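The structure under discussion appears below in the form of C-alpha coordinates.
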Amino acid sequence: QVTLRESGPALVKPTQTLTLTCTFSGFSLSTSGMCVSWIRQPPGKALEWLARIDWDDDKYYSTSLKTRLTISKDTSKNQVVLTMTNMDPVDTATYYCARIDQSQAAAGDNWFDPWGQGTLVTVSS
Amino acid sequence: QSVLTQPPSVSGAPGQRVTISCTGSSSNIGAGYDVHWYQQLPGTAPKLLIYGNSNRPSGVPDRFSGSKSGTSASLAITGLQAEDEADYYCQSYDSSLSGSMVFGTGTKVTVL
(Lines give C-alpha, C1' and ligand atoms only; values in the text may rest on other atoms or scores of the structure.)
Protein backbone atom coordinates (compact mmCIF):
# COMPACT_ATOMS: atom_id res chain seq x y z
CA GLN A 1 0.00 0.00 0.00
CA VAL A 2 1.39 3.37 -1.04
CA THR A 3 1.05 6.21 1.44
CA LEU A 4 2.44 9.73 1.65
CA ARG A 5 2.42 12.18 4.54
CA GLU A 6 3.36 15.85 4.56
CA SER A 7 4.98 17.57 7.52
CA GLY A 8 6.21 21.05 8.26
CA PRO A 9 5.39 24.24 10.13
CA ALA A 10 1.80 25.33 10.36
CA LEU A 11 2.77 29.01 10.58
CA VAL A 12 5.55 30.95 8.92
CA LYS A 13 6.27 34.66 8.86
CA PRO A 14 6.47 36.75 5.71
CA THR A 15 9.90 36.66 4.02
CA GLN A 16 10.81 33.40 5.79
CA THR A 17 11.71 30.17 4.01
CA LEU A 18 9.26 27.27 4.19
CA THR A 19 10.57 23.71 4.38
CA LEU A 20 8.14 20.84 3.88
CA THR A 21 8.87 17.13 4.04
CA CYS A 22 6.97 14.36 2.30
CA THR A 23 7.56 10.96 3.91
CA PHE A 24 6.30 8.03 1.88
CA SER A 25 6.06 4.26 2.02
CA GLY A 26 5.12 1.47 -0.34
CA PHE A 27 7.50 2.48 -3.12
CA SER A 28 11.08 3.61 -3.61
CA LEU A 29 12.28 6.74 -5.37
CA SER A 30 15.24 4.73 -6.62
CA THR A 31 12.87 2.63 -8.75
CA SER A 32 12.74 3.62 -12.41
CA GLY A 33 9.60 5.59 -13.22
CA MET A 34 8.80 6.77 -9.72
CA CYS A 35 8.33 10.49 -9.09
CA VAL A 36 6.95 12.71 -6.34
CA SER A 37 5.25 16.06 -6.87
CA TRP A 38 4.13 18.91 -4.64
CA ILE A 39 0.78 20.60 -5.22
CA ARG A 40 -0.86 23.36 -3.20
CA GLN A 41 -4.37 24.68 -2.71
CA PRO A 42 -5.16 28.09 -1.18
CA PRO A 43 -8.31 28.09 0.95
CA GLY A 44 -11.36 27.90 -1.31
CA LYS A 45 -9.26 27.95 -4.46
CA ALA A 46 -8.01 25.57 -7.13
CA LEU A 47 -5.10 23.16 -7.11
CA GLU A 48 -1.72 24.44 -8.29
CA TRP A 49 1.17 22.17 -9.30
CA LEU A 50 4.50 23.27 -7.80
CA ALA A 51 7.34 20.85 -8.46
CA ARG A 52 8.34 17.30 -9.28
CA ILE A 53 11.38 15.13 -8.67
CA ASP A 54 12.06 11.90 -10.55
CA TRP A 55 13.83 8.67 -9.65
CA ASP A 56 16.85 9.80 -11.70
CA ASP A 57 16.96 13.13 -9.84
CA ASP A 58 15.49 15.14 -12.70
CA LYS A 59 13.60 18.12 -11.31
CA TYR A 60 10.79 20.25 -12.73
CA TYR A 61 9.27 23.46 -11.37
CA SER A 62 6.24 25.64 -11.93
CA THR A 63 7.38 28.42 -14.26
CA SER A 64 5.73 31.07 -12.08
CA LEU A 65 7.43 29.91 -8.87
CA LYS A 66 10.66 28.47 -10.21
CA THR A 67 12.93 31.09 -8.65
CA ARG A 68 11.58 30.36 -5.16
CA LEU A 69 11.38 26.56 -5.15
CA THR A 70 13.87 23.79 -4.53
CA ILE A 71 12.95 20.11 -4.47
CA SER A 72 15.25 17.34 -3.26
CA LYS A 73 15.07 13.71 -2.21
CA ASP A 74 16.63 11.43 0.37
CA THR A 75 16.11 7.97 -1.05
CA SER A 76 17.43 6.22 2.05
CA LYS A 77 14.82 7.95 4.23
CA ASN A 78 11.98 7.77 1.67
CA GLN A 79 11.58 11.52 1.86
CA VAL A 80 11.15 14.43 -0.54
CA VAL A 81 11.78 17.96 0.68
CA LEU A 82 10.39 21.16 -0.81
CA THR A 83 11.72 24.57 0.15
CA MET A 84 10.00 27.82 -0.81
CA THR A 85 11.76 31.09 -0.14
CA ASN A 86 10.42 34.56 0.59
CA MET A 87 7.02 33.43 1.82
CA ASP A 88 4.09 35.82 1.47
CA PRO A 89 0.53 35.73 2.83
CA VAL A 90 -0.68 34.74 -0.65
CA ASP A 91 1.27 31.49 -0.20
CA THR A 92 -1.14 30.45 2.55
CA ALA A 93 -2.42 27.09 1.38
CA THR A 94 -2.72 23.38 2.02
CA TYR A 95 0.36 21.72 0.56
CA TYR A 96 0.07 18.18 -0.77
CA CYS A 97 2.60 15.67 -2.01
CA ALA A 98 1.58 12.96 -4.45
CA ARG A 99 3.19 10.10 -6.34
CA ILE A 100 3.55 9.76 -10.09
CA ASP A 101 4.31 6.37 -11.61
CA GLN A 102 5.75 7.05 -15.04
CA SER A 103 5.82 3.37 -15.88
CA GLN A 104 2.05 3.50 -16.40
CA ALA A 105 1.97 6.07 -19.19
CA ALA A 106 4.08 8.00 -21.65
CA ALA A 107 5.90 11.11 -20.47
CA GLY A 108 3.46 13.98 -20.25
CA ASP A 109 0.49 11.69 -19.71
CA ASN A 110 1.06 11.06 -16.02
CA TRP A 111 -1.32 11.46 -13.14
CA PHE A 112 -1.09 11.87 -9.36
CA ASP A 113 -1.99 8.84 -7.26
CA PRO A 114 -2.12 8.62 -4.36
CA TRP A 115 -2.04 11.93 -2.51
CA GLY A 116 -1.01 12.72 1.03
CA GLN A 117 -3.53 14.19 3.44
CA GLY A 118 -2.03 17.67 3.07
CA THR A 119 -0.64 20.16 5.53
CA LEU A 120 -2.01 23.68 6.00
CA VAL A 121 0.59 26.43 6.01
CA THR A 122 -0.43 29.92 7.07
CA VAL A 123 1.79 32.89 6.31
CA SER A 124 1.27 35.68 8.79
CA SER A 125 3.27 38.00 10.99
CA GLN B 1 -2.99 30.50 -12.95
CA SER B 2 -4.99 27.51 -14.19
CA VAL B 3 -4.73 27.01 -17.93
CA LEU B 4 -7.61 24.54 -18.05
CA THR B 5 -11.07 26.10 -17.69
CA GLN B 6 -13.99 24.41 -15.95
CA PRO B 7 -17.45 25.73 -15.05
CA PRO B 8 -17.49 26.93 -11.44
CA SER B 9 -20.51 24.85 -10.55
CA VAL B 10 -23.00 22.30 -11.83
CA SER B 11 -25.98 20.82 -10.06
CA GLY B 12 -28.51 18.08 -10.48
CA ALA B 13 -31.14 16.10 -8.68
CA PRO B 14 -30.42 12.58 -7.42
CA GLY B 15 -30.47 10.14 -10.29
CA GLN B 16 -29.78 12.75 -12.95
CA ARG B 17 -26.79 13.03 -15.26
CA VAL B 18 -24.37 15.95 -15.05
CA THR B 19 -21.33 16.77 -17.13
CA ILE B 20 -18.27 18.88 -16.37
CA SER B 21 -16.23 20.36 -19.19
CA CYS B 22 -12.49 21.04 -19.15
CA THR B 23 -11.33 23.39 -21.89
CA GLY B 24 -7.68 23.72 -22.80
CA SER B 25 -5.62 24.75 -25.80
CA SER B 26 -3.26 23.51 -28.47
CA SER B 27 -0.36 23.29 -26.00
CA ASN B 28 -2.09 20.92 -23.59
CA ILE B 29 -5.24 18.91 -24.32
CA GLY B 30 -5.18 19.84 -28.01
CA ALA B 31 -1.60 18.63 -28.28
CA GLY B 32 -2.78 15.13 -27.46
CA TYR B 33 -1.86 14.94 -23.79
CA ASP B 34 -4.10 12.83 -21.60
CA VAL B 35 -6.63 14.33 -19.21
CA HIS B 36 -7.16 13.02 -15.69
CA TRP B 37 -9.88 13.82 -13.18
CA TYR B 38 -9.86 14.10 -9.40
CA GLN B 39 -12.65 14.19 -6.85
CA GLN B 40 -12.16 16.24 -3.70
CA LEU B 41 -14.72 15.62 -0.98
CA PRO B 42 -15.11 18.42 1.58
CA GLY B 43 -12.10 18.70 3.87
CA THR B 44 -10.17 15.89 2.21
CA ALA B 45 -7.31 15.45 -0.24
CA PRO B 46 -8.06 14.98 -3.94
CA LYS B 47 -8.55 11.41 -5.12
CA LEU B 48 -7.90 10.05 -8.61
CA LEU B 49 -11.23 9.48 -10.36
CA ILE B 50 -10.37 9.05 -14.06
CA TYR B 51 -6.97 8.57 -15.67
CA GLY B 52 -5.89 8.49 -19.30
CA ASN B 53 -9.03 10.36 -20.45
CA SER B 54 -11.50 7.56 -19.79
CA ASN B 55 -10.11 4.91 -17.44
CA ARG B 56 -11.44 4.29 -13.94
CA PRO B 57 -9.14 3.13 -11.16
CA SER B 58 -10.26 0.10 -9.23
CA GLY B 59 -13.06 0.99 -6.84
CA VAL B 60 -14.43 3.96 -8.77
CA PRO B 61 -18.10 3.37 -9.69
CA ASP B 62 -18.94 3.11 -13.37
CA ARG B 63 -21.31 6.06 -12.89
CA PHE B 64 -18.24 8.16 -13.59
CA SER B 65 -16.96 8.37 -17.15
CA GLY B 66 -14.52 10.56 -19.04
CA SER B 67 -13.97 11.56 -22.63
CA LYS B 68 -11.73 13.84 -24.66
CA SER B 69 -12.11 15.56 -28.00
CA GLY B 70 -9.99 18.27 -29.58
CA THR B 71 -8.97 20.82 -26.99
CA SER B 72 -11.55 19.75 -24.41
CA ALA B 73 -12.43 16.91 -22.10
CA SER B 74 -15.54 16.01 -20.14
CA LEU B 75 -16.46 14.15 -16.99
CA ALA B 76 -19.95 12.69 -16.77
CA ILE B 77 -21.70 11.49 -13.66
CA THR B 78 -24.80 9.40 -14.30
CA GLY B 79 -27.26 8.42 -11.60
CA LEU B 80 -26.10 11.29 -9.41
CA GLN B 81 -25.92 10.45 -5.71
CA ALA B 82 -25.68 12.63 -2.61
CA GLU B 83 -22.17 11.30 -1.95
CA ASP B 84 -21.03 12.75 -5.29
CA GLU B 85 -21.29 16.29 -3.92
CA ALA B 86 -17.68 17.44 -4.14
CA ASP B 87 -15.18 19.52 -6.10
CA TYR B 88 -13.84 18.03 -9.32
CA TYR B 89 -10.59 18.96 -11.07
CA CYS B 90 -9.17 18.04 -14.45
CA GLN B 91 -5.40 17.78 -14.98
CA SER B 92 -3.12 17.54 -17.97
CA TYR B 93 0.32 18.56 -19.18
CA ASP B 94 1.28 21.77 -20.95
CA SER B 95 4.21 21.78 -23.36
CA SER B 96 4.52 25.57 -23.32
CA LEU B 97 5.29 25.67 -19.60
CA SER B 98 8.58 23.74 -19.37
CA GLY B 99 7.32 20.44 -18.10
CA SER B 100 4.44 21.83 -16.12
CA MET B 101 1.53 19.69 -15.09
CA VAL B 102 -1.60 21.81 -15.04
CA PHE B 103 -4.94 21.69 -13.28
CA GLY B 104 -8.36 22.98 -14.16
CA THR B 105 -10.13 25.75 -12.29
CA GLY B 106 -12.33 23.26 -10.48
CA THR B 107 -16.08 22.56 -10.49
CA LYS B 108 -18.36 22.26 -7.48
CA VAL B 109 -21.04 19.61 -7.98
CA THR B 110 -24.16 20.13 -5.89
CA VAL B 111 -26.79 17.46 -5.47
CA LEU B 112 -30.15 19.18 -5.13
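Letters A, B, ... mirror the listed sequences (proteins, then strands); counts begin at 1. Values in this document were obtained by computation on a predicted structure and should not be read as measured data.
- Contact detail for B:Asp34 and A:Asp109: the closest heavy-atom pair is N-OD1, 2.8 Å.
- Residue A:Gln104 does not touch chain B at all, counting heavy-atom pairs closer than 4.5 Å.
- A chain of hydrophobic side-chain contacts below 4.5 Å, direct or via other Ile, Leu, Val, Met, Phe, Trp or Tyr residues, connects A:Val2 to A:Ile53.
- Hydrophobic clustering (side-chain heavy atoms under 4.5 Å, transitive across Ile, Leu, Val, Met, Phe, Trp, Tyr) keeps A:Val81 apart from A:Leu69.
- Residues A:Tyr60 and A:Ile100 fall within the same hydrophobic cluster, defined by Ile, Leu, Val, Met, Phe, Trp and Tyr side chains chained together at heavy-atom separations under 4.5 Å.
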Name the atoms and distances for all side-chain donor-acceptor pairs under 3.5 Å in residues 104-112 of chain B, with sequence neighbours left out.
unit_1: B:Thr105; atom_1: OG1; unit_2: B:Gln6; atom_2: N; d: 2.8
unit_1: B:Thr105; atom_1: OG1; unit_2: B:Gln6; atom_2: O; d: 3.2
unit_1: B:Thr107; atom_1: OG1; unit_2: B:Gln6; atom_2: NE2; d: 3.1
unit_1: B:Thr107; atom_1: OG1; unit_2: B:Pro7; atom_2: O; d: 2.5

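- Although no hydrogens or angles enter the test, the distance criterion places a donor-acceptor pair under 3.5 Å between the side chain of B:Gln91 and the main chain of A:Asn110.
- For residues 82-99 of chain A, every residue pair satisfying the salt bridge (charged side-chain N to carboxylate O under 4.0 Å, His left out) rule, not counting sequence neighbours, is listed here: A:Arg40-A:Asp91, A:Arg68-A:Asp91.
- Against chain B, the residues from residues 117-125 of chain A that qualify, each with a non-hydrogen atom under 4.5 angstrom away, are A:Gln117 in number order.
- With a 4.5 angstrom heavy-atom cutoff, B:Thr44 touches chain A only via backbone atoms.
- Contact annotation: the side chain of A:Trp115 never approaches that of B:Gln40 to less than 4.5 Å [non-hydrogen atoms, C-beta and beyond].
- Side-chain contact between A:Asp113 and B:His36: absent, with no pair of heavy atoms (C-beta onward) separated by less than 4.5 Å.
- Judged by distance alone, with hydrogens and angles left aside, the side-chain atoms of A:Tyr96 form no donor-acceptor pair with the main-chain N or O of B:Pro46 at under 3.5 Å.
- B:Ala45 and A:Gly116 get closest at one heavy-atom pair: CB-O, 3.2 Å.
- The choice from A:Ala46, A:Pro114, A:Ala106, A:Ala105 that makes the most heavy-atom pairs within less than 4.5 Å of chain B is A:Ala46.
- Only the side chain of A:Ile39 comes within contact range of chain B, with heavy atoms under 4.5 Å apart.
- Between the CG atom of B:Asn55 and the CH2 atom of A:Trp111 there is a distance of 7.5 Å, given to the nearest 0.5 Å.
- Note on A:Trp55 and B:Met101: separate hydrophobic clusters, where clusters join Ile, Leu, Val, Met, Phe, Trp and Tyr whose side-chain heavy atoms are under 4.5 Å apart, directly or indirectly.
- Heavy-atom distances place the side chain of B:Tyr89, and not its backbone, under 4.5 Å from chain A.
- Counting all heavy atoms, side chain and backbone alike, B:Ser100 lies closest to A:Ser62 at OG-CA, 4.2 Å.
- Interface residue A:Lys45: only backbone heavy atoms are found under 4.5 Å from chain B.
- Here the closest heavy-atom approach between residue B:Tyr38 and residue A:Phe112 is recorded as OH-N, 2.8 Å.
- For residues 80-93 of chain B, the pairs satisfying salt bridge (charged side-chain N to carboxylate O under 4.0 Å, His left out) are B:Arg63-B:Asp84, with sequence neighbours left out.
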